[in-house]
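One structure is given below, encoded as structure tokens.
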Amino acid sequence: MRQWSMRIKAYAERLLTGLETLDWTDSVKDIQRNWIGKSTGCSLFFSLWRGTEGEDASSEYKIEVFTTRPDTVFGVSFVVLAPEHPLVDEITTEEYKEAVENYKKAASLKTERDRQSDVKNITGQFTGAYVLHPFTNEKVQIWIGDYVLASYGTGAVMAVPCGDQRDWDFANHFNLEIKNIFENVDISESAYTDKSGKIAHSDFLSGLEIKDAMKKAIEEIEKRGLGKGKTNYRLRDAVFSRQRYWGEPFPVYYKDGLPTIIETQHLPIILPEVEKYLPTEDGEPPLGNAKTWAWDTTKNSVVSNELIDNKNVFPLELNTMPGWAGSSWYFLRYMDANNETEFVNKEKADYWKSVDLYIGGSEHATGHLLYARFWNMFLFDQGYISFAEPFQKMINQGMILGRSSFVYRTLEGNTIVSASKKNEYNTIPLHVDIALVDNDKLDIEGFKKWRSDYADAEFILEDDGTYVCGHEVEKMSKSKFNVQTPDELVEKFGADTLRMYEMFLGPIEQAKPWDTKGINGVSNFLRKFWRLFHQGADYAFEITEGEPTKEALKTLHKTIQKVTADLERFSFNTGVSNFMIACNELSDQKCNNRQILTDLVVLLSPYAPHICEELWVKLGHEAGSINKATYPKFNEAYLVSDSFSYPISFNGKVRIKVDLPSSMNAKEIEDHVMGMSELNKYLEGKQPKKLIVVPGRIVNIVV
RNA sequence: GCCCAGGUGGCGGAAUUGGUAGACGCGCUGGAUUCAAAAUCCAGUUCCGCGAGGAGUGCGGGUUCGAUUCCCGCCCUGGGUACCA
């Protein structure tokens, strides 16, 4: 099948190094690094040995292998080619033709997936041919084996059983030689794959540390013209066509069977109407069913297929583009969505620049997030935009998981066993709708109605006569019957409460089961916050004017400082708790001062927009204007206090606290502490060995 | 196997540069108010111990005056990935 693909491989190195400039989690960066799979080593040519012993070694055929361990070259005891390697037929001797053919056939029948899942099963076939070892000139057998992949490296490996576990297994299985080229290492049970130690029995490499031997080996290989240093990437080019209808059509027609691009001024090409979105009878993609899907080069428009004459009118491409054709750059289009002539105006792109914050799941690490980076780099290289990376900062939000409930059905099928007794029977778990379960107890009648095939089932219950379900935390999904909709909670507590509770649950990156147990805590907070503005038995709106107290100002500015810092590091859960602290403190202070409450409402408005909007209007502002209010300014002057409660610790354990003026220096603190009579109890008559004073922090006495 | 993230009360979690472990909330216990309930308020709540006190951040070591935080080894959980030479 002829397909389009994108040369993402050409960007492998830049996609790798670019990661270092990004503010992403290590785990997503690592997933991309592994996917790109850079490995450095060298290529090395083995000449084919032809004919009889002693004959001239130089043959027209050379087999190129890629290795990351050139230091082990003297441990080579055979060479393995992928079954699909182009030289296999050429080199196989008459005697082994049939066996090799059979092996190739067997391998080709296996899918790539089968080949990968069948790792433990070692297979291979000798070809009868030999290469000559590039340094020792010894004869080395050539095998084929499907553990060597045609699509990676050169499709051929030099097998070093002592240094590679797969080679060791292969050698062990086929009784091939296992040379030991490591100093003082036992390889009788498995290969030695560590990259530390010394090389032995290896001519010019003997006695060298492995790392040094690698360098020396490549040097020598290059010097003798046997190969050269090389880097390989695991990343493959990305297929860019799909055999389906719903995708952007390619602006491409086929002239004499060769694809030709339609010029920009004639775009866009719009998907044709089709009767059905299915492939054609002879297996062409759905666009093969279109009746108007040909390109007229004189009119520069899409015309009926009947007009195809292959002189002026040609057939159009039938594949369409994949999802990532759009997902790789939509964020650029957002900057200039109505532009009819360019995908984005350069000036606008320069103004808005790359995405500041990308909140998304790490499941896109090897797909969308890699393609978008590649696409963006290409546009950058072409000068359309001025930034190479599309997403500077990324947060991977954790998934909210569901709590599934299970009933246990016997294998025979018509008995349902309660959780604690399930092990007495041979049962399988079945998901049950969580709407039918309350506190793990099953509504049996409801269950019978829900699954009519179990209407006549027998139930084996707990001793107290109830049916108890099992449970597990997993992804929320209709098929697992564990989906909880927020509607009910919004109904009961309001959208502000639900929103804040979600933020309060814990760090944004963390996955957690959806548990509404604590939601009334947030609800209580919002009610308490409301009460700051409403006094008396009938909760009438009432605030006081004038200058706030020192205490209230301290609470406010402490809150501004903390909440702002929390916002900047996306720590919403601690943000919410700081609002709770502020509310508790102001309640205790009985503060309902206008200045304080106005600033607090603005601060809280991103968290609880509905309530804050209402309070904002009650404070006398125009409806809808809170979004335009100035963000409260933090003033450190309100936070300075003139005393500090010093913890006094003995050998690191805090025992006493003492209030001291903040202005005291280390020496003064020391003098004061040493004069304290409370010390005696902990000193037990001994002299302290050492005293550490950290002003503004702690005093530690070493006994 | 390899790579990454994580492991703190009954529970969700906090501790931003090594400096008072358990903020905030849930739950629980006791009390006030109420005919009663809801709501609200007050007090308590890491564990052991009546107490004085002791122990304590997965386990075992180390560095330090001082470690949830840094270093070494191990265990467990979650995620990714795998004949990639």
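Since we're looking at a predicted model, the values are computed, not measured.
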From C-beta outward on [X], which listed nucleotide comes closest to its side chain: [options]?
X	options	value
F504(A)	G27(B), G54(B), G25(B)	G25(B)
M580(A)	G25(B), U16(B), A85(B)	G25(B)
D30(A)	C83(B), C4(B), C84(B)	C4(B)
S27(A)	A14(B), C4(B), A85(B)	C4(B)
S577(A)	G27(B), A23(B), C3(B)	A23(B)

[N], OP1 or OP2 - any side-chain N/O from [X] closer than 4.0 Å?
X	N	answer
N584(A)	G25(B)	yes
K690(A)	C65(B)	yes
Q510(A)	G13(B)	yes
N396(A)	G79(B)	no
N524(A)	G25(B)	no
R527(A)	U40(B)	yes
S362(A)	G80(B)	no

Using whole Å, report how far NZ of K512(A) lies from P of G78(B).
17 Å

When the distance from CE of M158(A) to P of A85(B) is rounded to whole Å, what number comes out?
13 Å

Cationic N near anionic O, under 4.0 Å, [X] to [Y]:
X	Y	result
D566(A)	K562(A)	no
K104(A)	E84(A)	no
K29(A)	D26(A)	no

The glycosidic conformation of G9(B), counting syn as within 90° of 0 and anti otherwise, is syn

Roughly how many Å apart are [M] and [N], using the [atom1] atom of each and rounding to a whole number?
N	M	atom1	answer
G44(B)	G22(B)	C1'	16 Å
U46(B)	C41(B)	C1'	26 Å
U29(B)	C74(B)	C1'	41 Å
G79(B)	G31(B)	P	46 Å

Using heavy-atom distances to pick each residue's nearest nucleotide on RNA chain B, tell me which of K528(A) and A511(A) is more 5'.
A511(A)

For G521(A) and for K38(A), locate the closest nucleotide of RNA chain B by heavy-atom distance; then report the residue assigned to the nucleotide nearer the 5' terminus.
G521(A)

Stepwise salt bridge (Lys or Arg N to Asp or Glu O under 4.0 Å) check, K554(A) with E585(A):
CA-CA 10 Å; K554(A) 188 172 177 180; E585(A) 287 183 8; over 6 Å; no

How is N520(A) classified with respect to the nucleic acid when contacts are heavy atoms under 4.0 Å: base, sugar-phosphate, or nothing?
sugar-phosphate

Would you mind reporting whether L369(A) and Y371(A) have side-chain heavy atoms less than 4.5 Å apart?
no

Could you give me the CA-CA distance, side-chain angles and deciding distance for E64(A) and K230(A), then say whether salt bridge (Lys or Arg N to Asp or Glu O under 4.0 Å) is met?
CA-CA 12 Å; E64(A) 183 185 10; K230(A) 195 175 168 185; 3.8 Å; yes

For the residue pair L235(A) and K9(A), what are the closest heavy atoms and their distance?
O-CG, 3.1 Å

Residue set satisfying salt bridge (charged side-chain N to carboxylate O under 4.0 Å, His left out) with E13(A), at least two apart, ordered chain then number -> K38(A)

For nucleotides 17-21 of chain B, which of its nitrogen or oxygen atoms have a protein nitrogen or oxygen under 3.5 Å away, and what is each distance?
unit_1, atom_1, unit_2, atom_2, d
U20(B), O2, K657(A), NZ, 2.6

For A32(B), what is the paired nucleotide under Watson-Crick or G-U wobble rules, both distances under 3.5 Å?
U40(B)

